[in-house]
Number of protein chains: 2
Amino acid sequence: VGGLFLSDDTVGDVGERALLAHFRRRIPVPPGVILGPGDDAAVLATGAVTLMTADAMVEGVHFRRAWSSPRQVGRKVLSVNLSDVGAMAGRARYATVSLCLPAALPVAWVEGLYDGLLERSAEVEVALVGGNVSGIEGPVVIDVALLGESARPLRRAGARPGDVLMVTGTLGLAAAGLALLQAGVQLPEDAALERACVRAHLDPDPPLAFAAALAEVDGVHAGMDLSDGLSGDLLALCAESGLAAVVHADALPLGPPLGAGDPLELALHGGEDYQLLLAVDPARADALRALAARHDLRLTAVGACAAGPPAVWLERDGTRTPLPPHAHQHFTPREADGT
Amino acid sequence: VGGLFLSDDTVGDVGERALLAHFRRRIPVPPGVILGPGDDAAVLATGAVTLMTADAMVEGVHFRRAWSSPRQVGRKVLSVNLSDVGAMAGRARYATVSLCLPAALPVAWVEGLYDGLLERSAEVEVALVGGNVSGIEGPVVIDVALLGESARPLRRAGARPGDVLMVTGTLGLAAAGLALLQAGVQLPEDAALERACVRAHLDPDPPLAFAAALAEVDGVHAGMDLSDGLSGDLLALCAESGLAAVVHADALPLGPPLGAGDPLELALHGGEDYQLLLAVDPARADALRALAARHDLRLTAVGACAAGPPAVWLERDGTRTPLPPHAHQHFTPREADGT
């Protein structure tokens, strides 16, 4: 590991302070960072409006070391936060990372985690500006706080009756991937669809460039990211906007049937899609489709907003039934929430 | 607990989502918060320069439920971050709080934690703008990310040979308090000094108003907060500023002898003082003393900066000896670091 530590060193052997000093040297200082890691606080260039969110990943709850490489964990903990800033029509800029590491954890695992954090932050031009490393008598915990900016933040409130509901990407892939991992299926090399689902769970890829571009588009009245599953997330949007919604089952962008669950159920209730749910003025839907096409992104109209008390209805074969929220269950109930 | 939960409910009984919704209702929305908790990210009014820091507290490492009330834990996790922003001559504004809570944790404990977070944030006019709650198969973890602002951020770098080294408050009290707790001493009601030490450990009170005022004072060349003990922290300041320092043992503002360790040793090496260490132009030392007096704060000249490779020397009875860093050891090595 960088020539500094032995290959079988643990966090306890090396000490958290030495680890922190080691990894700090790897962290670049991009534009906007007036003062990076190493002082009592970072000093950052910001605009008049700043977005702020934080989301943690806990070993045994959000990831397992048997399934995820440390690089994937590092990438994902940034991605889930990037998705939140993107959902505000924002562009992410600065992140802090708090690590809780058990003494027996191999240093090589921490090195892999930093590989993922550095790789992902470089991809999206986010500066890692600080954080802390602490011991823990328990699982690995990684908490990221992320700052971003948006000329016009997109909220969950603001949807209007008659708005078209649109989603990016394909829904239910990550939940299918998790189901495959939980079933312990050994995937053959040529199982490309299955592998894509597993990758969607382990290394999500939110549509960040499209999301940031939404700040410059008229007619997008409300939006959020799909992290807990469409049924629950759409109900949250309805509650914030004070209206109801109808989802057309036939219109949903489903994943392929893989024996990992019914694709419709996975699309409705599976979590961790990290795609966008948008409420759009129907007159602007085509313009939004054109924007998505420029970003090489699938964008699908899946329903509409309607006046009424907050509720989600599923229309299927000509009949409407209530669609109760059925939030994605992680290993244990996953309740980490946005903001 | 607010009439919503039963008095013996656990986090597992109630679910993290219900807890989050419950506590969100208690959070006020102060000025500057354009959009508070509940969306994908908070939207905050910021200036051209923003300070950012994050620091976590881990049960069993930074606190014990047997020693700290949940209210004290909530206050302290904010205070240690407030101290970092203060040390940059900053004023804190916005915080996110990430909680990892084991299922067996009583809801009443979480309620107490929020009491402390809300009470402390109100005292210092910091807005709680978001965060997340997650399960954990392990100890309680609380991570706070804090934003602040400063017209002129104070760094660790910038001290000059000849600068007077000054510290606020009394050093070693928190370390003495921790030693008393670790010794299991039952303190009588009238043991005011001992109780003050225990309080310094459980509920630190960094000099935040004085710290923020430093941005308007000339001649303060460098500064940091004392979190790991003077010996190690001063060496960090020396390293960042590229010089050496001499500490006069006779000048240190020591705590009283309480049988909890030698006051000099506690002042030199005890951690968690959350006081300020400043390198000051000697010509401005009196002006700084006057500022401290206006804040009803003890400010003591304890040594001086000198040209030379980064090192700390202790002058005692006319002789100088090297003062190696001997960082404060928490229950397990505490390595959480600033920024």
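Numbers restart at 1 for each chain; the letters A, B, ... are given by sequence-line order, proteins then strands.
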Under 4.5 Å, counting heavy-atom pairs only, tell me which of B:Gly138, B:Gly47, B:Ala145, B:Ala45 racks up the most with chain A.
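Of B:Gly138, B:Gly47, B:Ala145, B:Ala45, B:Gly47 has the most heavy-atom pairs under 4.5 Å with chain A.
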
Which of B:Leu146, B:Leu237, B:Leu44 touches chain A most, by non-hydrogen pairs under 4.5 Å:
B:Leu44

Test your reading of the model: is there a side-chain donor-acceptor pair from A:Thr10 to the backbone of A:Ala103, 3.5 Å cut-off?
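The answer is yes, because a donor-acceptor pair under 3.5 Å joins these two groups.
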
Side-chain ion pair, A:Glu59 and A:Arg65, N-O less than 4.0 Å
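Looking at A:Glu59 and A:Arg65, the cut-off is met.
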
Do B:Arg17 and A:Asp228 sit within salt-bridge range, that is, some charged N less than 4.0 Å from a carboxylate O?
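Yes, this pair counts.
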
Evaluate the salt bridge (charged side-chain N to carboxylate O under 4.0 Å, His left out) criterion for residues A:Arg155 and A:Glu240: first the C-alpha distance (whole Å), next the side-chain angles of each, then the deciding distance (0.1 Å), finally the verdict.
CA-CA 9 Å; A:Arg155 301 175 53 164; A:Glu240 290 293 323; 5.6 Å; no

Chain B contact via A:Val141 - side chain, backbone, both or neither, heavy atoms under 4.5 Å
side chain

Does any heavy atom of chain B fall under 4.5 Å from the side chain of A:Leu35, the backbone, both, or neither of them?
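Just the side chain, heavy atoms under 4.5 Å.
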
